[in-house]
Engineer: 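Okay, handing you the structure first.
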There are 2 protein chains.
Amino acid sequence: MSTLDRRDIDILFAIANNHTMSTETIHEVTDIPKSTVHYRIQSLKDGGVIVNDLCELAREKIGLEITVISEVWAEYGEGYHEEIGEKLSDIEGVNQVYFTMGDTDFVVIARLTSRDMVEKLVEDYESIEEIRRTSSKFAITTIKETVGVSTLRDYDVETVRAAQGLSEDGEDGG
Amino acid sequence: MSTLDRRDIDILFAIANNHTMSTETIHEVTDIPKSTVHYRIQSLKDGGVIVNDLCELAREKIGLEITVISEVWAEYGEGYHEEIGEKLSDIEGVNQVYFTMGDTDFVVIARLTSRDMVEKLVEDYESIEEIRRTSSKFAITTIKETVGVSTLRDYDVETVRAAQGLSEDGEDGG
DNA sequence: ATTGAAACTTGATCGTT
DNA sequence: AACGATCAAGTTTCAAT
């Protein structure tokens with residue numbers, strides 16, 4: 001499965017907007033027959049579009065109240081970013097690592113439970129030899145955070161359809 | 001539900017590590033009886049710890065290939081950050097908005113489908129009056145991204161337990 | 001790839017401790 | 001709050017198109 005068709009996208013948006021993967025519910029809201037919903041979701045899983053079956057958590061309720069955003073500058077070298085990226089990813093509490101274009105080499109986002117954990121993060125940065133410099137800031141508030149299918153709620157259906165080469169009328173891209 | 005006990009945490013980690021919310025599967029891997037797993041998950045939902053039933057997507061497969069990380073500087077004023085934060089959140093494609101301490105006021109992460117959408121993002125920034133300056137960079141690679149219960153995979157069970165006031169032995173915090 | 005109907009598995013409930 | 005047994009409900013399969 002390389003591109004998605006109109007129906008795949010409808011199903012994904014239904015999942016995002018109804019907060020559920022339930023075949024029954026998706027059938028009810030989309031009017032697509034149960035067995036077809038099942039078939040499609042299975043195809044999306046097989047095609048690697050849906051990679052995980054999960055739920056979202058209220059981070060603060062499990063104690064991950066501190067958010068740290070760091071910029072990281074590192075030494076250049078052959079394939080260095082993969083190696084350093086892995087090292088950054090392995091630090092406890094690090095949830096996002098981006099290798100970036102521009103003035104910084106990496107942007108790292110970590111959720112931590114305590115001041116001690118923040119200190120440990122900084123120490124872990126320092127223990128990575130190739131890292132030249134880091135600059136971290138705290139998030140006072142997380143105003144928005146949607147990653148997963150919920151991400152789809154941030155888009156117009158038409159935008160996603162267009163990304164799959166589907167025009168506004170009923171043309172098919174799958 | 002204010003704090004979680006050992007069993008809640010075990011169930012959440014089981015969900016994270018087995019990529020499923022299935023009562024049956026969690027029962028199998030944890031040895032906690034089905035009906036108890038059901039009862040606990042229900043409590044976690046009622047308590048607002050589990051906020052959403054979802055799945056993770058391969059973003060690139062739905063065309064959200066471009067990641068932009070922006071720093072935003074804004075005018076100060078009474079409750080200004082909530083208002084501006086909302087406006088930033090409403091921009092199509094914006095997935096994460098953090099109100100920060102330090103040299104910048106906001107950090108914004110957006111996933112976009114095209115160059116056109118990047119231009120639109122910048123225009124949308126400019127259309128917000130209170131915004132003084134923005135600085136954006138592209139992520140070349142997303143090395144790591146885990147938000148949701150999958151986030152738990154980034155932590156030691158002990159760290160999360162400690163955040164709930166649970167010691168290493170069998171003491172209960174819920 | 002789609003579907004209705006059948007078969008089966010599982011989630012939800014209830015009563016007891 | 002925990003849990004075994006029960007039942008309703010949903011998921012998955014099947015055969016036909």
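No hydrogens, no waters, no symmetry mates; every other heavy atom, side chains included, goes into these values. Naming convention: chains lettered A, B, ... in sequence-line order (proteins, then strands); numbering from 1 in each chain.
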Engineer: Does B:Thr23 place a side-chain N or O at less than 4.0 Å from the phosphate oxygens OP1/OP2 of C:dT10?
Structural biologist: no
Engineer: Using a cut-off of strictly less than 4.0 Å, decide whether B:His38 has a side-chain nitrogen or oxygen near OP1 or OP2 of C:dA12.
Structural biologist: yes
Engineer: Can you tell me how far C1' of C:dA6 sits from NZ of A:Lys34, to the nearest Å?
Structural biologist: 11 Å
Engineer: For the residue pair B:Tyr98 / A:Thr67, report whether a side-chain donor-acceptor contact shorter than 3.5 Å exists.
Structural biologist: no
Engineer: Verify the contact: side-chain N or O of A:Arg40 to OP1 or OP2 of C:dT3, cut-off strictly under 4.0 Å; return yes or no.
Structural biologist: no
Engineer: At a heavy-atom distance below 4.0 Å, which nucleotide of DNA chain D is the first touched by chain A, and which is the last?
Structural biologist: D:dG10 to D:dT13
Engineer: Any Lys/Arg nitrogen of B:Glu71 or A:Lys137 sitting under 4.0 Å from an Asp/Glu carboxylate oxygen of the other?
Structural biologist: yes
Engineer: Where the side chain of B:Glu24 is defined as all heavy atoms beyond and including C-beta, which of C:dT2, C:dG11, C:dG4 is the nearest nucleotide?
Structural biologist: C:dG11
Engineer: Side chain to side chain donor-acceptor pair (under 3.5 Å) for B:Asp53 and A:His19? Distances and angles first, verdict last.
Structural biologist: CA-CA 5 Å; B:Asp53 188 6; A:His19 311 296; over 6 Å; no
Engineer: To the nearest Å, give me how far apart NE2 (A:His27) and P (C:dA5) are.
Structural biologist: 12 Å
Engineer: Take atom CG of A:Asp31 and atom P of C:dT2, then tell me their distance rounded to the nearest Å.
Structural biologist: 15 Å
Engineer: Whole angstrom is fine here: how far is it from CG in B:Asp53 over to P in C:dG11?
Structural biologist: 11 Å
Engineer: What is the distance, to the nearest angstrom, from the CD1 atom on A:Ile32 to the C1' atom on C:dT2?
Structural biologist: 11 Å
Engineer: Could you tell me how far apart B:Ile50 (CD1) and C:dG11 (P) are, to the nearest whole angstrom?
Structural biologist: 14 Å
